[in-house]
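Structure record follows, encoded as structure tokens.
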Amino acid sequence: MQTLTITRPDDWHLHLRDAAMLAFVTGFSARQFGRALVMPNLSPPITTVEQALDYRHRILAALPPNCEFNPYLSLYLTENTPPQEIESAAQSPFILGFKLYPAGATTHSEAGVHSLKTIYPLLEYMESHDLVLQVHGEVTDGNIDIFDREKVFIERELHPIHERFPNLRMVLEHITTSEGVDFVHRSPANIAGTITPQHLLYNRNALLAGGIRPHYYCLPVLKRETHRQALIQAATSGNPKFFLGTDSAPHTRKSKESACGCAGCFSSPLAIELYAEVFEQANALDKLENFSSRHGADFYRLPYNSGTVTLEPAAWTVPDCYIGPDGIEIVPLRSGETIRWRLRNGYISSSSSFSKSSNSSSRGGSPS
């Protein structure tokens, strides 16, 4: 195959941060994706429709000139979310649901939910208003092994929620385990799941073998090879319940390479190329368009994007880091490595502030 042209894809799980970081990273996603569901775990979190719409205006202001990119928002669900906010969210065309963060599960989740039973009345209200619950599916108990947090969450929390609210639409975000895949597989059509490039490409050896590699540290954490294989099978199966969500999460290099490094992999500059690599290795390039451009739109009941993007098998080297304004320095996933696929006709602005450096000594490992 010389080139691969697909409907312009969407990213249904994206972190853009705010302020200078927002201004720097937004164009990377807009270059390849037509839409994105932007996560609300800012500091302070986005908990109201008014805050979400203000944030959306900041995202639009951060776009390069003449760029077509439509950001959607999820609201941060708390134990104190008023029912009126759920009603307002249901009436907004730019709000697609509420994000459930168990308190302490990931970046800026301190305001999250401590006991899921306390939000059951809110979930009932969401169910009646046909809003989607986007779930970070991990327990945070100190006695639960970090590699088992998703499995235990599904058993302890997700099954009871689905049984109690069978019509509640849910997305199990950034699935990392075979148990997560099985839950989505066996559930009805109102349950779906997003899958990230890092969890498709890497197992936990990439994070831990030969030393700790902070730029492979994300939450949920990378798992065993058996789980990675289950994710690949799910993503490339053609099952419409699985779709693209990068969970691209930019952090400065300093905050990643610290005594307590932040969780998150920055994949936005090369996300669709990474997915193409996975699908090619699985002999499933014919399934990439549905996974990246149709399944998520169908689940969220939105039309497909009108444009296309073209990928070509032309090797290129990922920059060691990206340097932006105010000294922002971000190390991307696969930094310094050569990848096979390249986006040919993504949006590129001549006035873009993306600058690249090859001076970083921090390199990622190869897939394992």
Side-chain angles (χ1 to χ4, degrees), residues 11 13-44 46 54-71 73 106-108 196-198 213-218 245-258 260-274 309 316-339 342-343 346-364:
D11 186 349
H13 190 119
L14 176 64
H15 298 271
L16 293 176
R17 312 307 186 198
D18 211 344
M21 181 70 82
L22 170 69
F24 180 47
V25 304
T26 300
F28 288 113
S29 293
R31 175 176 176 260
Q32 53 194 294
F33 295 108
R35 293 171 294 207
L37 179 58
V38 183
M39 293 295 115
N41 59 328
L42 304 183
S43 182
I46 303 294
D54 285 345
Y55 184 38
R56 186 174 187 273
H57 287 310
R58 297 198 297 276
I59 296 170
L60 293 173
L63 290 174
N66 305 314
C67 181
E68 296 183 3
F69 178 74
N70 195 358
L73 283 303
T106 189
T107 304
H108 296 157
T196 77
Q198 62 265 27
R213 298 172 179 174
H215 298 287
Y216 290 86
Y217 174 52
C218 56
T246 64
D247 194 21
S248 181
H251 293 282
T252 65
R253 184 177 180 180
K254 181 179 179 181
S255 64
K256 289 289 288 182
E257 299 175 6
S258 65
C260 186
C262 296
C265 296
F266 182 55
S267 61
S268 288
L270 63 157
I272 195 64
E273 291 98 328
L274 293 177
V309 297
W316 62 285
T317 301
V318 180
D320 286 351
C321 65
Y322 290 86
I323 300 176
D326 299 330
I328 293 175
E329 186 176 357
I330 311 173
V331 177
L333 196 64
R334 296 290 284 273
S335 65
E337 295 184 30
T338 299
I339 64 173
R342 182 176 64 186
L343 186 64
Y347 177 86
I348 303 175
S349 170
S350 60
S351 62
S352 170
S353 62
F354 307 162
S355 58
K356 305 173 183 179
S357 168
S358 58
N359 297 323
S360 171
S361 60
S362 178
R363 300 288 181 92

Give the intermediate values and the outcome of side-chain contact (heavy atoms from CB on, under 4.5 Å) for residues Lys254 and Glu329.
-> CA-CA 8 Å; Lys254 181 179 179 181; Glu329 186 176 357; over 6 Å; no
Do [X] and [Y] make a side-chain contact, defined as non-hydrogen atoms from C-beta onward lying under 4.5 Å apart?
| X | Y | result |
| --- | --- | --- |
| Thr196 | Ser267 | no |
| Val25 | Arg17 | no |
| Tyr216 | Leu333 | yes |
| Pro40 | Leu73 | no |
| Arg56 | Asn70 | yes |
| Pro71 | Leu60 | yes |
| Leu270 | Gln32 | no |
| Leu14 | Phe33 | no |

Is the backbone of [Y] close enough, under 3.5 Å, to the side chain of [X] for a donor and an acceptor to pair up by distance?
| X | Y | result |
| --- | --- | --- |
| Asp320 | Ser335 | no |
| Lys256 | Gly261 | no |
| Thr26 | Ala23 | no |

Working to the nearest 0.5 angstrom, can you tell me the gap between [X] [atom1] and [Y] [atom2]?
| X | Y | atom1 | atom2 | result |
| --- | --- | --- | --- | --- |
| Asp11 | Asp247 | CG | CG | 9.0 Å |
| Phe266 | Thr252 | CZ | OG1 | 12.0 Å |
| Ile46 | Asp18 | CD1 | CG | 7.0 Å |
| Cys265 | Arg334 | SG | CZ | 12.0 Å |

message: Exactly one of Leu16, Ile328, Ile330 should register a side-chain contact (heavy atoms from CB on, under 4.5 Å) with Pro250. Which one does?
response: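 In the set Leu16, Ile328, Ile330, the residue that makes a side-chain contact (heavy atoms from CB on, under 4.5 Å) with Pro250 is Ile330.
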So, for [X] and [Y], which heavy atoms are closest and what is the spacing to 0.1 Å?
| X | Y | result |
| --- | --- | --- |
| Tyr322 | Pro269 | OH-CB, 3.4 Å |
| Pro64 | Cys67 | O-CB, 3.2 Å |
| Ala263 | His251 | O-NE2, 2.8 Å |
| Arg31 | Leu343 | NH2-O, 3.4 Å |
| Tyr55 | Met39 | CE2-O, 4.2 Å |
| Pro332 | Cys321 | CD-CA, 3.8 Å |

inquiry  = Could you check whether Thr338 and Thr317, counting side-chain N and O atoms only, form a donor-acceptor pair closer than 3.5 Å?
reply    =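 Yes, side-chain donor-acceptor contact under 3.5 Å.
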Arg253 and His215 side chains, donor-acceptor separation under 3.5 Å
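Distance-only check fails for His215 and Arg253.
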